[in-house]
Amino acid sequence: MSEIISLFSEKGFSVEEMVALTGAHTIGFSHCKEFADRIFNYSKTSEVDPTLNPVYAQGLRKLCENYTKSPEMSAFNDVFTPGKFDNMYFKNLQRGLGLLMSDQAMMTDNNTRPFVDLFAANQTAFFDAFARSIEKLSVYKVKGGKYGEVRRKCDQFNIVQT
Ligand code: HEM
């Protein structure tokens with residue numbers, strides 16, 4: 001977590017802004033390989049990461065059992081309301097239901113936990129902080145002219161070369 005905090009801070013983002021932005025994980029999904037280390041062979045003493053809710057960990061192990069042969073296997077980032085932009089992601093972290101190591105670590109770290117607790121308790125506080133932070137991110141080092149372009153569709157150049 002301290003590495004993530006410094007990566008964001010080098011770019012001018014505070015801990016609160018980083019936690020708010022990562023709240024984007026309230027939607028979307030992650031491939032099993034991104035969290036496999038947490039659910040298979042975690043350590044010498046524990047098969048799964050002990051910060052994970054054990055029932056959730058078993059569900060993820062079942063879902064990802066063949067992930068090396070089926071690399072497309074994925075899990076929702078927010079297990080309860082995966083398609084809704086809300087503060088459930090933060091409530092999940094409080095219950096050990098953070099999917100990625102970097103998600104769950106925000107609950108362990110003393111710098112980030114107060115913001116997790118704030119956003120879990122107060123959805124408006126999350127929405128306000130997210131709106132401010134994503135607006136700031138959206139103008140961070142925007143490339144234009146000969147250096148690049150803002151894409152209309154994220155997976156395509158605006159003018160497709162033929
Ligand atoms: C704190 C640092 C962050 C880390 C380490 C991280 C890591 C990841 C990883 C590993 C995935 C899964 C990718 C995959 O399996 O295809 C993911 C998904 C996602 N991340 Fe992050 N992320 C971070 C911050 C952010 C931020 C700041 C945003 C946006 C403001 C964001 C938005 C998303 C979204 C929307 C998805 C789901 C993508 C989909 O469904 O296709 N993440 N993230």
Side-chain angles (χ1 to χ4, degrees), residues 1-42 48-49 51-53 56-57 59-94 96-120 122-143 148 150-156:
M1 196 37 56
S2 56
E3 206 179 325
I4 291 178
I5 292 172
S6 35
L7 284 169
F8 276 75
S9 135
E10 281 161 19
K11 294 166 178 57
F13 289 85
S14 68
V15 174
E16 180 175 24
E17 289 169 334
M18 186 277 285
V19 176
L21 283 173
T22 311
H25 290 172
T26 179
I27 54 168
F29 59 84
S30 300
H31 294 85
C32 292
K33 77 166 169 52
E34 303 295 348
F35 53 87
D37 293 1
R38 306 186 70 201
I39 52 172
F40 302 116
N41 262 321
Y42 177 74
V48 302
D49 180 344
T51 63
L52 263 178
N53 175 301
Y56 182 50
L60 292 173
R61 279 167 63 84
K62 185 96 196 75
L63 176 80
C64 295
E65 61 189 352
N66 294 319
Y67 84 97
T68 47
K69 286 190 192 120
S70 312
E72 71 285 1
M73 286 311 297
S74 304
F76 288 126
N77 288 332
D78 168 359
V79 66
F80 285 127
T81 55
K84 194 165 176 240
F85 198 97
D86 56 11
N87 66 340
M88 187 62 80
Y89 165 81
F90 296 104
K91 293 182 180 174
N92 288 342
L93 298 185
Q94 293 177 321
L97 301 174
L99 183 60
L100 303 172
M101 179 99 72
S102 54
D103 293 326
Q104 199 58 54
M106 296 206 298
M107 196 59 208
T108 323
D109 188 286
N110 287 333
N111 298 293
T112 47
R113 194 188 322 102
F115 297 113
V116 172
D117 290 339
L118 169 69
F119 297 149
N122 184 340
Q123 181 162 264
T124 309
F126 167 51
F127 285 172
D128 287 350
F130 186 83
R132 274 186 278 109
S133 312
I134 198 84
E135 209 169 348
K136 183 169 163 183
L137 185 64
S138 74
V139 293
Y140 178 79
K141 290 199 173 168
V142 175
K143 294 193 174 84
V150 177
R151 294 180 180 182
R152 291 193 189 87
K153 280 186 78 174
C154 65
D155 60 350
Q156 267 176 26

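Indexing begins at 1, ligand by ligand and atom by atom, following the structure's order. Just so you know, these numbers use all the heavy atoms, side chains as well, and skip hydrogens, waters and symmetry mates. Throughout, numbering of the chain's residues begins at 1 and tracks the sequence.
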**Closest approach of Asn77 to Ile27 (non-hydrogen atoms, all atoms of both residues)** = ND2-O, 3.2 Å

**Message:** Are Phe130 and Phe85 an aromatic pair, judged by ring center distance below 6.0 Å?
**Reply:** yes

**Item:** Distance filter under 4.0 Å to His31 heavy atoms, resulting ligand 1 atoms
**Value:** 14 (C), 15 (O), 16 (O)

**Message:** Looking at every non-hydrogen atom in both residues, tell me the closest pair between Ile39 and Arg61 and how far apart they are.
**Reply:** O-NH1, 2.7 Å

**Prompt:** Nearest protein heavy-atom contact for atom 11 (C) of ligand 1: which residue, which atom, what distance?
**Reply:** Ser30 OG, 3.7 Å

**Asked** Any N/O of Leu137 closer than 3.5 Å to an N/O of ligand 1?
**Response** no

**Prompt:** Which residue and non-hydrogen atom of the protein lie closest to atom 20 (N) of ligand 1, and at what distance in Å?
**Reply:** His25 NE2, 2.9 Å

**Prompt:** Nearest to atom 40 (O) of ligand 1, what protein heavy atom do you find, and at what distance?
**Reply:** Phe29 N, 2.9 Å

**Asked** Going by the atom numbers of ligand 1, which of them fall below 4.0 Å from some non-hydrogen atom of Ile134?
**Response** 30 (C)

**Request:** Would you mind listing which atoms of ligand 1 come within a distance below 4.0 Å of any non-hydrogen atom of Thr22?
**Result:** 1 (C)

**Message:** Ignoring hydrogens and geometry beyond distance, is a side-chain donor-acceptor pair present between Asp86 and Gln123 at under 3.5 Å?
**Reply:** no

**Message:** Looking only at protein heavy atoms, which one is nearest to atom 9 (C) of ligand 1, and what is the separation?
**Reply:** Leu100 CD1, 3.6 Å

**Prompt:** With atoms numbered from 1 as shown, which atoms in ligand 1 lie under 4.0 angstrom from a non-hydrogen atom of Glu34?
**Reply:** 10 (C), 15 (O)

**Request:** Flag the pair Tyr56 / Asn92 as yes when at least one side-chain heavy-atom distance between them is below 4.5 Å, and no otherwise.
**Result:** no

**Item:** Partner of Pro82 by side chain to side chain contact (heavy atoms under 4.5 Å, CB included), out of Tyr89, Phe76, Phe29
**Value:** Phe76

**Shortest protein heavy-atom distance from atom 4 (C) of ligand 1, along with the residue and atom involved** = Ser102 OG, 4.1 Å

**Asked** Of the non-hydrogen atoms in Glu16 and Ala129, which two are nearest, and what is the gap between them?
**Response** OE2-CB, 4.3 Å

**Request:** Determine whether more than 12 heavy atoms belonging to other residues, nucleotides or ligands lie under 6.0 Å from atom CG of Asp128.
**Result:** yes

**Fill in**
Any heavy atom of Lys33 under 4.0 Å from ligand 1? The part involved is neither

**Item:** Closest contact, heavy atoms only, Gly12 versus Glu17
**Value:** O-OE1, 3.8 Å

**atom 26 (C) of ligand 1 - nearest protein heavy atom and its distance** = Leu21 O, 3.8 Å

**For Gly28, atoms of ligand 1 separated by under 4.0 Å from a heavy atom** = 37 (C), 40 (O)

**Message:** Strictly distance-based, threshold 3.5 Å: is any side-chain N or O of Ser70 a donor or acceptor partner for the main-chain N or O of Tyr67?
**Reply:** no

**Item:** For atom 2 (C) of ligand 1, closest protein heavy-atom neighbour
**Value:** Phe8 CE1, 4.0 Å

**Prompt:** What protein heavy atom is closest to atom 35 (C) of ligand 1, reported as residue, atom name and distance in Å?
**Reply:** Ala24 O, 4.0 Å

